[in-house]
A.B. asks: 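Submitted below is the structure of interest, expressed as structure tokens.
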Amino acid sequence: MRRHLALFALALALLLPAVAPAQLTLSLSTFGGSGADGAVLSGTTWVGNLTQNAGSLTVGGTAGNDNGWGASGLTLNAATMGYVAITARRDAGNLAPSLFVQFVDANVHTQVFSVSTSLFSTSAFTTVYVPIGTWDSEFLPTQISSWSIGGGNVGSTTFHLTLDELAFTTTTAAVPEPAATALLAALGAVAVATLRRRRLRP
């Protein structure tokens, strides 16, 4: 009995650090195309090359690697955020090497984050966490007024991605490994069964 409980306690102590602290999220867009969710930017190669899905946006056709989707007139405070989280899928025909997100503050200073498009799966949505680190000295993360997303260039390279969500987060979404969770459940079941057997003894 004591041996089982000690084993259970040890497993619990080892697994608890794997549970992430509470993740705070500031969602920027689920690419629904309404209000603060953003809209296609006029004058970009994305105009006429977007397919609105249920909860995502496919950039295809002759869309190039410029920033073709964004939102303005905002008052966002991202000072406490640690990551830019981008959920997307890389689609057939994509030649753009990078995905860029640009933020503009109330004083028209910019902050740009980029990630390789190779990090996004071609078969399912992938969330990539881009560390913010230290904001540029002139940029005001407490007064973000607009953002845009795309290939960050002049639109000369084919950009084919399906965008699912753009957000700020305080942490990455770390969770216990499935095998570790299963082990914890099994040890818990052993401890409960042992206690029941002891109670049934005369």
Side-chain angles (χ1 to χ4, degrees), residues 20 23-74 76 78 81-105 110-133 135-136 139 141 144-175:
Q23 182 191 63
L24 300 179
T25 301
L26 175 59
S27 182
L28 299 175
S29 183
T30 54
F31 300 98
S34 60
D37 214 33
V40 63
L41 300 178
S42 62
T44 69
T45 63
W46 291 29
V47 175
N49 289 302
L50 301 177
T51 301
Q52 199 77 50
N53 312 305
S56 65
L57 181 75
T58 296
V59 186
T62 59
N65 62 332
D66 46 355
N67 277 24
W69 187 271
S72 58
L74 310 174
L76 300 176
M81 297 295 164
Y83 298 86
V84 177
I86 308 166
T87 304
R89 183 185 67 227
R90 183 164 39 96
D91 296 330
N94 178 69
L95 298 177
S98 301
L99 174 63
F100 288 79
V101 183
Q102 176 176 290
F103 297 97
V104 181
D105 69 12
T110 61
Q111 177 95 31
V112 178
F113 299 94
S114 67
V115 64
S116 172
T117 56
S118 66
L119 296 177
F120 297 99
S121 171
T122 57
S123 59
F125 285 118
T126 307
T127 300
V128 175
Y129 294 90
V130 185
I132 292 174
W135 294 93
D136 289 348
F139 189 81
I144 297 176
S145 60
S146 68
W147 59 267
S148 63
I149 189 170
N153 213 301
V154 295
S156 58
T157 303
T158 303
F159 187 97
H160 284 182
L161 269 77
T162 297
L163 304 171
D164 184 64
E165 186 173 15
L166 174 65
F168 283 116
T169 65
T170 52
T171 65
T172 57
V175 295

A.B. asks: Can you run down the side chain to side chain donor-acceptor pair (under 3.5 Å) pairs that involve residues 118-128, sequence neighbours left out, and say none if there aren't any?
C.D. replies: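 Listed by first then second residue: Thr87-Thr127, Ser116-Ser118, Ser121-Ser123.
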A.B. asks: Run the side chain to side chain donor-acceptor pair (under 3.5 Å) test against Asp136 and tell me which residues pass, sequence neighbours left out.
C.D. replies: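 Here no residue qualifies.
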A.B. asks: Atom NE2 of His160 and atom CG of Asn49: how far apart are they, to the nearest 0.5 Å?
C.D. replies: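 Answer for the NE2-CG pair, His160 versus Asn49, is 7.5 Å.
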A.B. asks: Could you walk me through whether Ser145 and Asp105 pass the side-chain contact (heavy atoms from CB on, under 4.5 Å) check?
C.D. replies: CA-CA 5 Å; Ser145 60; Asp105 69 12; 5.5 Å; no
A.B. asks: List in chain and number order the residues that pass side chain to side chain donor-acceptor pair (under 3.5 Å) with Asn153, two or more places apart in sequence or in another chain; answer none if no residue qualifies.
C.D. replies: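 Result, side chain to side chain donor-acceptor pair (under 3.5 Å) vs Asn153: none returned.
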A.B. asks: Quick check: do Ile149 and Phe100 have side-chain heavy atoms less than 4.5 Å from each other?
C.D. replies: no
A.B. asks: Evaluate Glu165 against Ser29 for side-chain hydrogen bond (donor to acceptor under 3.5 Å, both in side chains), listing each step before the verdict.
C.D. replies: CA-CA 6 Å; Glu165 186 173 15; Ser29 183; over 6 Å; no
A.B. asks: With a 4.5 Å limit on heavy-atom distance, are the side chains of Ser56 and Phe31 in contact?
C.D. replies: no
A.B. asks: Determine whether Thr25 and Thr170 satisfy the following criterion, side-chain contact (heavy atoms from CB on, under 4.5 Å), listing intermediate values before the conclusion.
C.D. replies: CA-CA 7 Å; Thr25 301; Thr170 52; over 6 Å; no
A.B. asks: Suppose we screen for side chain to side chain donor-acceptor pair (under 3.5 Å). Which residues come up paired with Arg89, at least two apart in sequence or across chains?
C.D. replies: Asp91, Thr162
A.B. asks: Side-chain contact, heavy-atom cut-off 4.5 Å: Val154 with Asp66?
C.D. replies: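 They are not in contact (no side-chain heavy atoms under 4.5 Å apart), so the answer is no.
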A.B. asks: Who are the side chain to side chain donor-acceptor pair (under 3.5 Å) partners of Gln102, not counting sequence neighbours?
C.D. replies: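 Testing Gln102 for side chain to side chain donor-acceptor pair (under 3.5 Å), a comparison that skips the adjacent residues, returns none.
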A.B. asks: Do Trp46 side-chain atoms and Thr62 backbone N/O form a donor-acceptor pair below 3.5 Å?
C.D. replies: no
A.B. asks: Given the rule in the side-chain hydrogen bond (donor to acceptor under 3.5 Å, both in side chains) test, do Asn94 and Thr158 qualify, once you have shown the distances and angles that lead to the verdict?
C.D. replies: CA-CA 6 Å; Asn94 178 69; Thr158 303; over 6 Å; no
A.B. asks: Assess whether side-chain contact (heavy atoms from CB on, under 4.5 Å) is satisfied between Val101 and Leu166, documenting all intermediate values.
C.D. replies: CA-CA 9 Å; Val101 183; Leu166 174 65; 4.0 Å; yes
A.B. asks: Please check if the side chain of Arg90 supplies one atom and the backbone of Leu161 the other of a donor-acceptor pair under 3.5 Å.
C.D. replies: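 Not confirmed, Arg90 side chain does not pair with Leu161 backbone.
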A.B. asks: Tell me, please, which residues at least two apart from Ile144 pass side chain to side chain contact (heavy atoms under 4.5 Å, CB included).
C.D. replies: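 Checked Ile144 against side chain to side chain contact (heavy atoms under 4.5 Å, CB included); matches are Leu76, Ala78, Phe103, Trp135, Phe139, Phe168.
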A.B. asks: Is a side-chain N or O of Asp164 found less than 3.5 angstrom from the main chain of Thr30, in a donor-acceptor match?
C.D. replies: no
A.B. asks: For the atom pair CZ (Phe159) and OG1 (Thr44), what is the distance rounded to the nearest 0.5 Å?
C.D. replies: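 It is 11.0 Å, given to the nearest 0.5 Å.
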A.B. asks: Does the side chain of Val130 reach to within under 4.5 Å of the side chain of Tyr83, using non-hydrogen atoms?
C.D. replies: no
A.B. asks: Check whether any side-chain N or O of Thr45 sits under 3.5 Å from a backbone N or O of Gly64 as a donor-acceptor pair, and report yes or no.
C.D. replies: yes
